[in-house]
Amino acid sequence: MTKGYFGSFGGRFIPETLVEPLNELENELNKALKSADFKDKLSYYLKNYAGRPTNLYFAENLTKIFKGPRIYLKREDLCHTGSHKINNTLGQVLLAKMLGKKRVIAETGAGQHGVATATAAALFGIKCEVYMGEEDVKRQELNVFRMKLLGAKVIPVKSGSKTLKDAINEALRDWVTNVSDTFYCIGSVMGPYPYPFMVRYFQSVIGQEARRQILRLEGRLPDYLLACVGGGSNSIGLFHPFYKDKSVKFIGLEAAGAATLSKGKIGYLHGMKTYVLQDKNGQISSTHSISAGLDYPGVGPEHSFYKETGRAEYYPVNDAQALYGFKLLSEHEGIIPALESSHAVAYLKTLSPKLSKKDIVIVCLSGRGDKDADSVRSLIK
């Protein structure tokens, strides 16, 4: 990575008013990552508050069902707040506190990043406001209630498709207006530099732990890593610590109705150069996913770099397949996954017949499915 770029992807494509706050953020982040005090505090909260390390669980029943590889689940669903998002928000809100910011804003789709930001803000005593598309507010009522319970203000966004893309737009508008006292806590490996690098840094704890755990459990590295990809933070968090291990194959699973890396073209969105779903005139395309967290027409620039260089492969998973994954894991392992994670679980049905019993697969279970129960109740019979 050269400064701000992963190959030709990333960078800063921003209004002039954001140049100075991004420079400030970059400088303070560099200081923090060299600071033993910051690292010690973050490690303390990740262990004693978020509940790390999370388990690497051998899914014996799935392994028997697919009659192929040994399947492990990296249990990010066991984190405090129910997903991997807390890894990032603890780091960012701790940084906001060091910067003396009085207010934190965030965007959210499925609500897990909003809940995690509200949680960290409550912990560190900072005011929190969360932008959320009106459509997502309806389908994620439980997480909206949780955010409010944690003291955050939830602001419904009624423009555009009323989903994650539009929540990000409004959060950026807010930040431009209130840069002096406000910290924008981005939830994925996207946006202008240094956000993709910073979020990846905080989420790499997933892969770092998984690497140590699989070596202890199996005595070798896995053959495949599977994870869902919307913006792409849980997947980059799992993939990156294995980047130099060329024997380990990366597979990212996108929502079929928002399959940016499968169907998109190179473009610019939310301050970054990356793959984007767009029409022939460069207008951002509408997206659809049963999963609010994957309903996004862009993707983190590091994923675009992985696609371009062939380091990772990306495949679409449709709503029916995701529901299959949701039901499969619930019924056969007693674990109710988030709909986002269900996309990765579902792909095991496609991948497993191509593998042998000697192969090892790790699936990132990015979150738990409590938040999705109402959405799928009428869809699963």
Side-chain angles (χ1 to χ4, degrees), residues 1-14 18-35 38-39 42-43 46 84-96 98-99 101 104 106-107 113 116-117 120 168 171-172 175 183-209 211 227 229-244 250 252 260-261 266 268-276 296 298-309 311-312 364 366:
M1 175 184 172
T2 55
K3 184 177 177 181
Y5 282 88
F6 305 90
S8 64
F9 299 100
R12 286 182 183 172
F13 300 89
I14 53 172
L18 289 182
V19 172
E20 187 54 39
L22 282 169
N23 285 339
E24 178 190 38
L25 175 59
E26 180 185 358
N27 291 335
E28 292 302 319
L29 176 64
N30 289 335
K31 290 179 187 177
L33 299 187
K34 295 175 183 176
S35 164
F38 178 85
K39 289 182 177 180
L42 180 59
S43 294
L46 286 173
H84 69 292
K85 295 294 188 181
I86 193 71
N87 305 326
N88 174 47
T89 61
L90 284 173
Q92 285 202 54
V93 179
L94 186 59
L95 191 59
M98 290 174 57
L99 284 166
K101 302 297 183 181
V104 170
E107 85 296 328
H113 175 60
T117 304
I168 296 169
L172 284 168
W175 194 32
F183 186 101
Y184 182 14
C185 184
I186 289 183
S188 197
V189 284
M190 46 155 284
Y193 178 77
Y195 279 103
F197 166 76
M198 175 170 63
V199 179
R200 183 247 274 166
Y201 177 87
F202 292 136
Q203 291 294 3
S204 287
V205 66
I206 300 171
Q208 290 162 4
E209 288 178 4
R211 201 174 194 282
V229 179
S233 64
N234 88 97
S235 39
I236 283 293
L238 177 64
F239 294 169
H240 185 261
F242 293 87
Y243 181 78
K244 295 181 180 179
F250 302 166
T260 307
L261 290 161
I266 295 173
Y268 301 86
L269 179 67
H270 296 138
M272 59 183 170
K273 179 184 177 183
T274 190
Y275 274 86
V276 180
Y296 180 60
V299 68
E302 190 165 3
H303 281 293
S304 293
F305 172 68
Y306 283 11
K307 171 187 167 68
E308 188 176 69
T309 59
R311 185 62 186 91
C364 188
S366 60

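Residue numbers run from 1 in the order of the sequence given.
Taken from CD in Glu209 to CG in Leu46, the straight-line distance is 8.5 Å, to the nearest 0.5 Å. Rounding to the nearest 0.5 angstrom, the gap separating the CD1 atom in Ile236 from the CD atom in Gln203 is 11.0 Å. Distance check, rounded to the nearest 0.5 Å: CZ of Phe9 to NZ of Lys273 gives 6.5 Å. How far CZ of Phe239 is from CZ of Phe250: 6.5 Å, rounded to the nearest 0.5 Å.
With sequence neighbours excluded, the residues that form a side-chain contact (heavy atoms from CB on, under 4.5 Å) with Ser188 are Met190, Ser233. By the side-chain hydrogen bond (donor to acceptor under 3.5 Å, both in side chains) test, Tyr195 is found to be paired with no residue, residues two or more places apart in sequence or in another chain being considered. Residues that satisfy the side-chain hydrogen bond (donor to acceptor under 3.5 Å, both in side chains) test with Thr89, not counting sequence neighbours, are absent from this structure. Applying the side-chain contact (heavy atoms from CB on, under 4.5 Å) test to Ser43 and every residue at least two apart in sequence or in another chain returns nothing. A search for ring pair (Phe, Tyr, Trp, His ring centres under 6.0 Å) contacts involving Phe202 returns nothing, not counting sequence neighbours. With sequence neighbours left out, the side-chain hydrogen bond (donor to acceptor under 3.5 Å, both in side chains) criterion links Asn88 to Gln92. With sequence neighbours left out, Tyr201 forms a side-chain contact (heavy atoms from CB on, under 4.5 Å) with Leu33, Lys39. Here Arg211 pairs with Asp245 under the side-chain hydrogen bond (donor to acceptor under 3.5 Å, both in side chains) rule; sequence neighbours left out. Applying the ring pair (Phe, Tyr, Trp, His ring centres under 6.0 Å) rule to Phe183 yields no partners; only residues at least two apart in sequence or on another chain are considered. Residues satisfying the ring pair (Phe, Tyr, Trp, His ring centres under 6.0 Å) criterion with His303, sequence neighbours excluded, are Tyr314. Every residue meeting the side-chain contact (heavy atoms from CB on, under 4.5 Å) condition with Asn23, not counting sequence neighbours, appears here in chain and number order: Arg12, Val19, Glu20, Glu26.
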- [ ] Just do the ring-ring contact (aromatic ring centres under 6.0 Å, His included) check on Tyr243 and Tyr306 with the steps written out, would you?
- [x] CA-CA 10 Å; Tyr243 181 78; Tyr306 283 11; 5.4 Å; yes
Task: Verdict with reasoning, Tyr5 to Tyr193, per ring-ring contact (aromatic ring centres under 6.0 Å, His included) - done: CA-CA 8 Å; Tyr5 282 88; Tyr193 178 77; 8.6 Å; no
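Here the side chains of Tyr184 and Leu22 are not in contact, with every heavy-atom distance at 4.5 Å or above. In this structure, Ile266 and Ser304 have side chains that are not in contact, with every pair of non-hydrogen atoms separated by 4.5 Å or more. Between Leu172 and His270 the shortest side-chain heavy-atom distance falls below 4.5 Å.
Judged by distance alone, the side chain of Glu107 and the main-chain N or O of Gly187 form a donor-acceptor pair under 3.5 Å. Between the side chain of Ser35 and the backbone N or O of Lys31 there is no donor-acceptor pair closer than 3.5 Å. Side-chain N or O atoms of His113 include one that pairs as donor or acceptor with a backbone N or O of Cys185 at under 3.5 Å. With hydrogens and angles ignored, the 3.5 Å screen pairs a side-chain donor or acceptor of Thr274 with a backbone N or O of Val299.
Residues Trp175 and Pro21 share a closest heavy-atom pair of CZ2-CB, 3.9 Å. A pairwise comparison of heavy atoms in Phe38 and Gly91 identifies CZ-O, 3.8 Å as the closest pair. Residues His84 and Ile206 approach most closely at CB-CD1, 3.9 Å, considering heavy atoms. The heavy-atom pair separating Ile14 from Pro192 by the smallest distance is CG2-CB, 3.7 Å. Heavy atoms only, all atoms of each residue included: Cys364 and Asn234 are closest at SG-OD1, 3.3 Å. Across Ser235 and Val229, no two heavy atoms sit closer than the pair OG-CG2, 3.5 Å.
Evaluation of the salt bridge (charged side-chain N to carboxylate O under 4.0 Å, His left out) test over residues 300-309, restricted to residues two or more places apart or in two chains, returns Arg200-Glu302.
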